[in-house]
J.: 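I'd like to ask you about the structure that follows.
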Amino acid sequence: MTRFSTHPIFTDLSGPLDIQVNGYAGIDFNSDDLTETQVISACRSLRDDGIAAVLATVITAPVLAMERRLATMARAIARDSLVKEVLAGFHVEGPFINPEPGYVGAHPAAAVRAADTGIVDRLASAAEGHIALWTLAPEMDAGGRVTSYLTDQHIVVAAGHSNASLSQLQESIDCGMRLYTHLGNGCPGTLPRHDNIIQRVLNVADKIHISLIADGHHLPKFVLANFIRWIPNDRIIIVTDAIAAAGLGPGKYRLADQWVEVDEDLSTWGEGRKNFAGCATTLPQMQRILCQDLGVSLHDYRCWTERNPRSLFNK
């Protein structure tokens, strides 16, 4: 069985790309009951909204559950031409993340693990070679061993849900890490004044790509404006971190084993309202926030949603 793939992604596509989609239009990619028919439905909705392709994201869970979810989507890719077009690959977010409150975010802390190549091999086998991106916390990857292993297999490595020191970030970059996942999120609401994960990542912003959730909630608009002024233009990638609620509006929705409450303003709250849990805002809605509310040019928006993602995966 093929574990890894070396084929490039996004090369033959034109239009917006989203490298972090947990679900869409009522379909949760992290459900134990996910079916191939549901995957097809989500892909139709994504294409209807003008999205060229996405990375379907599987978050931290018991390894067997992550395997099942990846395998279901891999079968859908093999059997349906639309799914093959829209799901360019998979983004595995976890389980090698920081388990501390705040940093773990909406991921179940009990399922967090230290980085392990054996788990990588199991999930890669289940995914039939479609894993393109893996988010982990450098401090959970001793010596950058798994980062190096993934990089050698042509899988892009991102840091995220992390409290890595500056030296740990640099070590991870030296081992192949090329992206930081949703800066300003996956961290506590209260941080040390100066030496914190946001400032450390900004310090290396000329060396890696940085993804941002542009819904106005995960990052208040003035913070989003600050980030896009500071991060080099060719390093910014806009992601939705979409969940099943994306495109549907307020209500209660499932994300893996938890309920997410979506407010009237499309804020997405995990249980207990202590942290956000994915996003209910679509990429077209984010375009309006960036271009109309923040004055971003259409050229820059396209750079952040088209050129830069392609550059990240086709270096």
J.: Considering only heavy atoms from C-beta outward, does the side chain of Cys279 approach that of His218 to under 4.5 Å?
T.: yes
J.: Under the criterion side-chain contact (heavy atoms from CB on, under 4.5 Å), I'd like the reasoning laid out for Thr151 against Met177: C-alpha separation, chi angles, the key distance, then a yes or no.
T.: CA-CA 8 Å; Thr151 300; Met177 185 265 284; over 6 Å; no
J.: State yes or no: do Leu312 and Val201 share one hydrophobic cluster built from I, L, V, M, F, W and Y residues joined by side-chain heavy-atom distances below 4.5 Å, directly or via other members?
T.: yes
J.: Quick check: is Leu64 connected to Ile131 through a chain of hydrophobic side chains (ILVMFWY, heavy atoms under 4.5 Å apart)?
T.: no
J.: Hey, could you give me the OG1/CD distance between Thr117 and Gln153, rounded to the nearest 0.5 Å?
T.: 10.0 Å
J.: Would you please name every residue forming a ring pair (Phe, Tyr, Trp, His ring centres under 6.0 Å) with Phe227, sequence neighbours left out?
T.: none
J.: Residues in side-chain hydrogen bond (donor to acceptor under 3.5 Å, both in side chains) with Arg235, at least two apart?
T.: none
J.: Membership question, hydrophobic clusters at under 4.5 Å side-chain separation (ILVMFWY): are Ile197 and Met140 in the same one?
T.: no
J.: Got a salt bridge between Arg69 and Asp32, using NZ or NE/NH1/NH2 to carboxylate O under 4.0 Å?
T.: yes
J.: If I compare all heavy atoms of Ala158 with all of Leu133, which pair ends up nearest, and what's the gap?
T.: CB-CD1, 4.0 Å
J.: Does the side chain of Arg79 reach to within under 4.5 Å of the side chain of Ile40, using non-hydrogen atoms?
T.: no
J.: Between Ile27 and Val39, does a side-chain contact (heavy atoms from CB on, under 4.5 Å) hold up when you go through it step by step?
T.: CA-CA 7 Å; Ile27 309 302; Val39 176; 5.7 Å; no
J.: Under the criterion side-chain contact (heavy atoms from CB on, under 4.5 Å), which of Leu179, Thr147, Ile173 is the partner of Val157?
T.: Thr147
J.: Main chain of Arg310, side chain of Asn314: is a donor-acceptor contact present, judged purely on distance under 3.5 Å?
T.: yes
J.: Could you pull out all residues at least two apart from Asp152 that satisfy side-chain hydrogen bond (donor to acceptor under 3.5 Å, both in side chains)?
T.: none
J.: Please report the interatomic distance CG(Leu202) to CG(Leu183), rounded to the nearest 0.5 Å.
T.: 5.5 Å
J.: Could you tell me whether the side chains of Tyr24 and Asp18 share a donor-acceptor contact shorter than 3.5 Å?
T.: no
J.: Does any non-hydrogen side-chain atom of Leu55 lie less than 4.5 Å from one of Val21?
T.: no
J.: Are Asn203 and Gln199 close enough that a side-chain donor and a side-chain acceptor fall under 3.5 Å?
T.: no
J.: How many angstroms lie between CG in Leu166 and CD in Gln168, if you round to the nearest 0.5 Å?
T.: 10.0 Å
J.: How long is the span from the NE2 atom in His209 to the CZ atom in Arg178, to the nearest 0.5 Å?
T.: 7.5 Å
J.: Is the shortest heavy-atom distance from the side chain of Met286 to the side chain of Ile213 under 4.5 Å?
T.: yes
J.: Do you know the tightest heavy-atom contact between Gly50 and Pro16?
T.: O-CD, 3.3 Å
J.: Look only at the side chain of Asn30 and the backbone of Ile59, and say whether a donor-acceptor pair between them is shorter than 3.5 Å.
T.: yes
J.: Do Leu298 and Ile228 share a hydrophobic cluster (ILVMFWY, side-chain heavy atoms under 4.5 Å, transitive)?
T.: yes
J.: Return the set of residues passing side-chain hydrogen bond (donor to acceptor under 3.5 Å, both in side chains) with Tyr301 (not counting sequence neighbours), or none when no residue passes.
T.: none
J.: Do Asn163 and Glu139 have side-chain atoms, one donor and one acceptor, less than 3.5 Å apart?
T.: no
J.: If I take atom SG from residue Cys43 and atom CE from residue Met73, how far apart are they, to the nearest 0.5 angstrom?
T.: 9.5 Å
J.: Can you name the closest pair of heavy atoms from Ala132 and Ile9 and give their distance?
T.: CB-CD1, 3.8 Å
J.: Mark yes or no for whether Gln38, through its side chain, and Thr35, through its backbone, hold a donor-acceptor pair below 3.5 Å.
T.: yes
J.: What are the two closest heavy atoms between Ala25 and Leu248, and how far apart are they?
T.: C-CD1, 3.7 Å
J.: Give me the atom names and distance for the closest heavy-atom approach of Glu85 to Ala53.
T.: O-CB, 3.8 Å
J.: For Arg75 and Glu128: C-alpha separation, side-chain torsions, deciding distance, then whether salt bridge (Lys or Arg N to Asp or Glu O under 4.0 Å) applies.
T.: CA-CA 9 Å; Arg75 289 194 299 271; Glu128 295 284 356; over 6 Å; no
J.: Out of Asn226, Asp215, Asp293, which one pairs with Lys221 under the side chain to side chain donor-acceptor pair (under 3.5 Å) rule?
T.: Asp293
J.: Strictly distance-based, threshold 3.5 Å: is any side-chain N or O of Asp141 a donor or acceptor partner for the main-chain N or O of Arg145?
T.: yes
J.: Measure across Ile198 and Cys187 and return the closest heavy-atom pair with its distance rounded to 0.1 Å.
T.: CD1-SG, 4.5 Å
J.: Apply the test side-chain contact (heavy atoms from CB on, under 4.5 Å) to residues Cys303 and Asn233: give CA-CA distance (whole Å), side-chain angles for both, the deciding distance (0.1 Å), then the verdict.
T.: CA-CA 8 Å; Cys303 176; Asn233 195 65; 3.6 Å; yes
J.: With a cut-off of 6.0 Å (strictly less than), are more than 12 heavy atoms of other residues, nucleotides or ligands near CZ of Arg44?
T.: no
J.: Distance only, no hydrogens: is a donor on one side chain within 3.5 Å (strictly under) of an acceptor on the other, for Asp241 and Asn22?
T.: yes
J.: Within the structure provided, determine whether Val146 and Leu136 are in side-chain contact (heavy-atom separation under 4.5 Å).
T.: yes
J.: So do Val104 and Ile97 actually touch side chain to side chain, heavy atoms under 4.5 Å?
T.: yes
J.: Distance from Thr72 atom OG1 to Glu67 atom CD, nearest 0.5 Å?
T.: 11.5 Å
J.: Are Ile51 and Val54 side-chain neighbours, meaning at least one heavy-atom pair lies under 4.5 Å?
T.: yes
J.: Indicate whether any N or O donor in one side chain lies under 3.5 Å from an N or O acceptor in the other, for Ser165 and Ser167.
T.: yes
J.: Starting from Val223, can I reach Ile289 by hopping between I/L/V/M/F/W/Y residues whose side chains sit under 4.5 Å apart?
T.: no
J.: Does some side-chain heavy atom of Trp134 sit less than 4.5 Å from a side-chain heavy atom of Leu123?
T.: yes
J.: Any chance the side chains of Thr282 and Gln285 put a donor and an acceptor closer than 3.5 Å?
T.: yes
J.: Take Val239 and Ile237 through the test side-chain contact (heavy atoms from CB on, under 4.5 Å) and record every step on the way to the result.
T.: CA-CA 6 Å; Val239 297; Ile237 294 177; 4.1 Å; yes
J.: Considering only residues two or more places apart or on different chains, which pairs with a residue in residues 187-197 satisfy side chain to side chain donor-acceptor pair (under 3.5 Å)?
T.: Asp195-Arg200
J.: Under 3.5 Å, side-chain donor or acceptor atoms of residues 88-96 against the rest of the protein: list the pairs with distances, not counting sequence neighbours.
T.:
| from | atom 1 | to | atom 2 | distance (Å) |
| --- | --- | --- | --- | --- |
| His91 | ND1 | Ile19 | O | 3.0 |
| His91 | NE2 | Thr135 | OG1 | 2.7 |
| Glu93 | OE1 | Gln20 | NE2 | 3.1 |
| Glu93 | OE2 | Gln20 | NE2 | 3.4 |
| Glu93 | OE2 | His161 | NE2 | 3.0 |
| Glu93 | OE2 | His182 | NE2 | 3.2 |

